[in-house]
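See structure below.
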There are 2 protein chains.
Amino acid sequence: MDIRTLCLGILTMGDATGYEIKKTFEDRLDLIFHASYGSIYPALNKLTEEGLVSCREFSQEKRPDKKIYSITANGRYQFFDAIMKKPAADRFRSEFLATLMFSHLLPASAISEFIDDRIKDRLQKIASMADECGSKQTVREQFLCNFGLTMYQAEIDYLQDNRHLLEADALMGTRAAE
Amino acid sequence: MDIRTLCLGILTMGDATGYEIKKTFEDRLDLIFHASYGSIYPALNKLTEEGLVSCREFSQEKRPDKKIYSITANGRYQFFDAIMKKPAADRFRSEFLATLMFSHLLPASAISEFIDDRIKDRLQKIASMADECGSKQTVREQFLCNFGLTMYQAEIDYLQDNRHLLEADALMGTRAAE
DNA sequence: CGAATATATATCAAATCGATATAAATACAA
DNA sequence: TTGTATTTATATCGATTTGATATATATTCG
């Protein structure tokens, strides 16, 4: 599943412009799947060429044309085909964890700061999600929202319970032994 | 932090060939940061040009030259500089979760199958990690390994406790209301 | 003895990111 | 009211990264 496919998916929920699709990625998919303009606009062009979406242009005075995309019957069929396939493995990249991998090279203060920041970030995300979660329209969006909340909370718990291991390691002479 | 930087990091642990660096990514960083040959070899060339690593070539008979890379003093300095910066946000992409986002378009059987597969996958990863975790050399590698275990377990727990919500939604006529 | 796996290099098209450019409408505070 | 920031809306571009593929030999194991 690539960004092209996910654009199709978003269009199954209703017509949209490229801009609105980007916003949907940010508002409802950012935890799950990230996409930038540089991939969305080319994706929409290609989907249009392939007849999986259609595009109505509204020429506006003194503004660039507004292009509203709709999914076609063929597009729906292709999207269904795509989501029926076994999902490929997650792609995950964490600079935070990669940094901790080399925490023996860092001053203890930096380690503590990074962990503090991480916990703060997760708490903030939980705070802003908690409201939304309840007011989600569909069962599946609630399911995904609560999934996010649960994972963030698990991360906070782990960091709070175990950070002392890394911090102690940084302060003691353990490093010299390596 | 990019793959170039992380290659530097791996070389702080000892000299290595491109092949060995790839293996290190697989063995010790796959949870955290993925890298393929297509990014590692160009990274090493660029690092060599920049003088952050040095390269000794061992011409072997009947085999391509073996190139052993070492980090230079300047390289160590640059790497330290990189990990002292605030780590950027995680990059995460999950086809599994993206698929669930559109579970209302799937037959109930497919939803159950995907969740079953996911749980199996997580259990398998936990099984293969559990051994390793105890035998990790350093405190920080144990910390990261247990972090992974904890997150995988949290995911399993959530899926087991809440899958019925999605599955019931798929079976009932709830979909018609959307 | 033969098959599979490990060692080791490298490249390439395609996908994607992140930044930037452009331009006007709208909201909002000084 | 006037200036500033944000939102709406398009699009491109270099740099990064993926995933697949090519090439060759050594080693392991049934």
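Residue numbering restarts at 1 for every chain, and letters A, B, ... go by the order of the sequence lines. Just so it is clear, the values below take in all heavy atoms, side chains as well, and ignore hydrogens, waters and symmetry mates.
When the side-chain nitrogen and oxygen atoms of A/T17 are compared with OP1 and OP2 of D/dT8, none of them lie within a distance under 4.0 Å. Taking side-chain N and O atoms only, A/S39 has a distance below 4.0 Å to OP1 or OP2 of C/dC17. At C/dC17, one or more side-chain N or O atoms of A/H34 fall inside 4.0 Å of OP1 or OP2 (strictly under the cut-off). Taking side-chain N and O atoms only, B/R91 has a distance below 4.0 Å to OP1 or OP2 of C/dG18. OP1 or OP2 of D/dT8 lies within a sub-4.0 Å distance of a side-chain N or O belonging to A/Y19. The shortest distance between the side-chain N/O atoms of A/K67 and the OP1/OP2 oxygens of D/dA11 is below 4.0 Å. Remark: B/K66 is not in phosphate contact with C/dT9, judged by side-chain N or O atoms under 4.0 Å from OP1 or OP2.
Atom CZ in A/R4 sits roughly 14 Å away from atom C1' in C/dT16 (whole-Å rounding). Atom C1' of nucleotide C/dA13 and atom OH of B/Y37 are separated by 20 Å, given to the nearest angstrom. D/dT10 atom C1' lies 13 Å from atom CD1 of A/I21, rounded to whole Å. Atom OH of B/Y41 and atom C1' of D/dT16 are 19 Å apart (whole Å).
Ring geometry, A/F33 versus A/F25: the interplanar angle falls from 30° to 60°, so the pair is classed tilted.
Between the side chains of A/R91 and B/H34, not a single donor N or O lies within less than 3.5 Å of an accepting N or O. Defined by atom type and a distance below 3.5 Å, a donor-acceptor pair is present between the side-chain atoms of A/D2 and A/T5. When only modelled atom types and interatomic distance are considered, B/N45 and B/T48 share no side-chain donor-acceptor pair under 3.5 Å.
Map B/F33 and A/N45 each onto its nearest nucleotide of DNA chain D; the residue landing nearer the 5' end is A/N45. Heavy-atom nearest nucleotides on DNA chain C were determined for A/A35 and for B/I68, and the one closer to the 5' end corresponds to B/I68. Along DNA chain C, the nucleotide nearest B/Y69 and the nucleotide nearest A/G38 are compared for position; the residue whose nucleotide lies closer to the 5' end is B/Y69.
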With salt bridge (Lys or Arg N to Asp or Glu O under 4.0 Å) as the test, would you mind laying out the steps for A/K86 and B/D117 before giving the verdict?
CA-CA 9 Å; A/K86 280 195 194 303; B/D117 287 352; 2.8 Å; yes
